[in-house]
Amino acid sequence: MDQFMKKAVELANQNVDEGGTPFGAVLVRNGEVIAEGVNELHKKFDVSGHAELVAIRKAQEQLQTNDLSGSIMYASGEPCPMCMTAIYYAGIDTVYYAGSIEEAKQAGMGTSVYIYNQLALPREERSVKMIHMPVKGEEKDPLDYWKAKKGE
């Protein structure tokens with residue numbers, strides 16, 4: 001097993017020993033570890049405390065950038081939709097994962113499969129109601145305001 005994947009799996013197993021879920025992540029750039037993370041859901045009341053997001057936050061803060069292009073994510077489990085979105089936003093180029101979301105579902109953790117399926121549906125068919133309320137009247141539209149400020 002690759003040294004970085006081995007570390008991600010070790011982090012995941014340590015997290016299980018500490019009462020957490022089996023997820024660890026290692027973020028690598030130019031062959032060097034720039035950040036690590038484990039799911040922190042058992043430590044903090046934060047549904048976004050997933051291993052990949054923890055690693056991304058640490059790397060961005062340490063490097064003082066939102067751009068992590070050129071980086072590789074090693075994860076003990078296939079990233080959930082939230083983590084994959086952050087991976088795209090951060091510009092991470094490659095993700096290696098050990099356990100698939102289907103395997104996680106078989107272990108009793110099927111939320112990722114459900115969410116991936118929900119996101120594939122049209123808005124009106126999702127279980128979470130999506131209601132469009134455009135800015136009207138005297139309120140300043142934040143997107144128009146941002147465009148105007150950007151053009152200064």
Side-chain angles (χ1 to χ4, degrees), residues 1-135 141-143 145-146:
M1 180 181 288
D2 174 277
Q3 67 175 340
F4 302 121
M5 182 58 77
K6 183 178 179 184
K7 182 61 177 175
V9 169
E10 287 172 359
L11 288 168
N13 287 324
Q14 280 179 322
N15 205 41
V16 170
D17 287 340
E18 295 171 7
T21 52
F23 300 105
V26 176
L27 195 54
V28 175
R29 184 185 274 172
N30 299 322
E32 298 291 325
V33 174
I34 57 173
E36 298 175 349
V38 296
N39 274 32
E40 297 180 343
L41 302 175
H42 64 295
K43 295 179 181 177
K44 301 178 180 182
F45 295 102
D46 178 5
V47 296
S48 71
H50 289 200
E52 298 90 340
L53 288 175
V54 170
I56 288 169
R57 287 180 186 132
K58 287 179 180 178
Q60 289 178 328
E61 186 169 340
Q62 175 188 326
L63 300 173
Q64 292 293 290
T65 184
N66 291 321
D67 182 7
L68 297 178
S69 56
S71 300
I72 299 171
M73 178 71 73
Y74 291 84
S76 64
E78 183 175 355
C80 74
M82 176 177 60
C83 294
M84 276 307 302
T85 301
I87 287 165
Y88 276 104
Y89 272 117
I92 295 169
D93 301 319
T94 305
V95 177
Y96 292 96
Y97 62 94
S100 70
I101 59 169
E102 293 81 13
E103 291 168 319
K105 183 177 181 180
Q106 291 172 354
M109 302 175 149
T111 306
S112 289
V113 173
Y114 173 76
I115 295 171
Y116 271 120
N117 289 336
Q118 283 286 305
L119 292 174
L121 295 173
R123 285 184 199 105
E124 60 276 1
E125 293 179 29
R126 295 179 190 160
S127 64
V128 172
K129 292 179 183 166
M130 299 290 294
I131 303 164
H132 185 212
M133 293 180 67
V135 176
D141 184 306
L143 292 173
Y145 183 56
W146 181 79

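- Counting heavy atoms from C-beta on, the side chains of Pro142 and Val135 come closer than 4.5 Å.
- Scanning all heavy atoms of the two residues, the minimum distance from Pro81 to Ile115 falls at CG-CG2, 3.5 Å.
- A donor-acceptor contact shorter than 3.5 Å is absent between the side chain of Asn15 and the backbone of Leu11.
- Other residues, nucleotides and ligands place no more than 12 heavy atoms under 6.0 Å from the CD atom of Glu61.
- For the side chain to side chain contact (heavy atoms under 4.5 Å, CB included) test with Arg29, the passing option among Ile72, Ile92, Leu68, Asp93 is Leu68; the others fail.
- Inter-residue side-chain proximity for Cys80 and His50 is flagged as met; some heavy-atom pair is nearer than 4.5 Å.
- Scanning both residues, Ala51 and Asn39, for their nearest heavy atoms gives N-OD1, 2.7 Å.
- For the atom pair Gln118 CD and Leu121 CG, the distance stands at 5.5 Å (nearest 0.5 Å).
- If you take CG on Asp2 and NZ on Lys7, they are separated by 13.5 Å, rounding to the nearest 0.5 Å.
- Glu78 and Tyr97 make their closest contact through CB-CD1, 3.5 Å (heavy atoms, listed as atom of the first residue, atom of the second, distance).
- Heavy atoms only, all atoms of each residue included: Ala55 and Ala35 are closest at O-CB, 3.2 Å.
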Would Asp67 and Thr65 satisfy side-chain hydrogen bond (donor to acceptor under 3.5 Å, both in side chains), going step by step from the backbone distance to the final call? CA-CA 5 Å; Asp67 182 7; Thr65 184; 5.4 Å; no
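- Met82 has its side chain within reach of Leu53: a pair of non-hydrogen atoms, C-beta onward, lies under 4.5 Å apart.
- One finds the CE atom of Met109 at 5.0 Å from the OG1 atom of Thr21 (value rounded to the nearest 0.5 Å).
- The backbone N or O of Asn66 sits less than 3.5 Å from a side-chain atom of Gln60, completing a donor-acceptor pair.
- Between Tyr74 and Phe4, the two ring planes are tilted [angle within 30° to 60°].
- Taking both residues in full, the closest heavy atoms of Val95 and Pro79 are given as CG1-CG, 3.8 Å, listed atom of the first, atom of the second, then distance.
- Atom-to-atom distance recorded for Glu52:CD and Ile87:CD1 is 5.5 Å, nearest 0.5 angstrom.
- Gln14 has its side chain out of reach of Val38: every pair of non-hydrogen atoms, C-beta onward, lies at least 4.5 Å apart.
- Considering CD1 of Ile101 and CE of Met84, their distance stands at 10.5 Å, rounded to 0.5 Å.
- The side-chain heavy atoms of Glu18 and Lys43, taken from C-beta on, include a pair separated by under 4.5 Å.
- In this structure, CD in Glu32 is found 12.5 Å from CG in Leu27, a value given to the nearest 0.5 Å.
- The backbone N or O of Ser100 sits less than 3.5 Å from a side-chain atom of Glu103, completing a donor-acceptor pair.
- By the 6.0 Å contact criterion, OH on Tyr116 is enclosed, its count of non-hydrogen atoms from other residues, nucleotides or ligands being greater than 12.
- Heavy atoms only, all atoms of each residue included: Ser127 and Tyr114 are closest at OG-OH, 2.7 Å.
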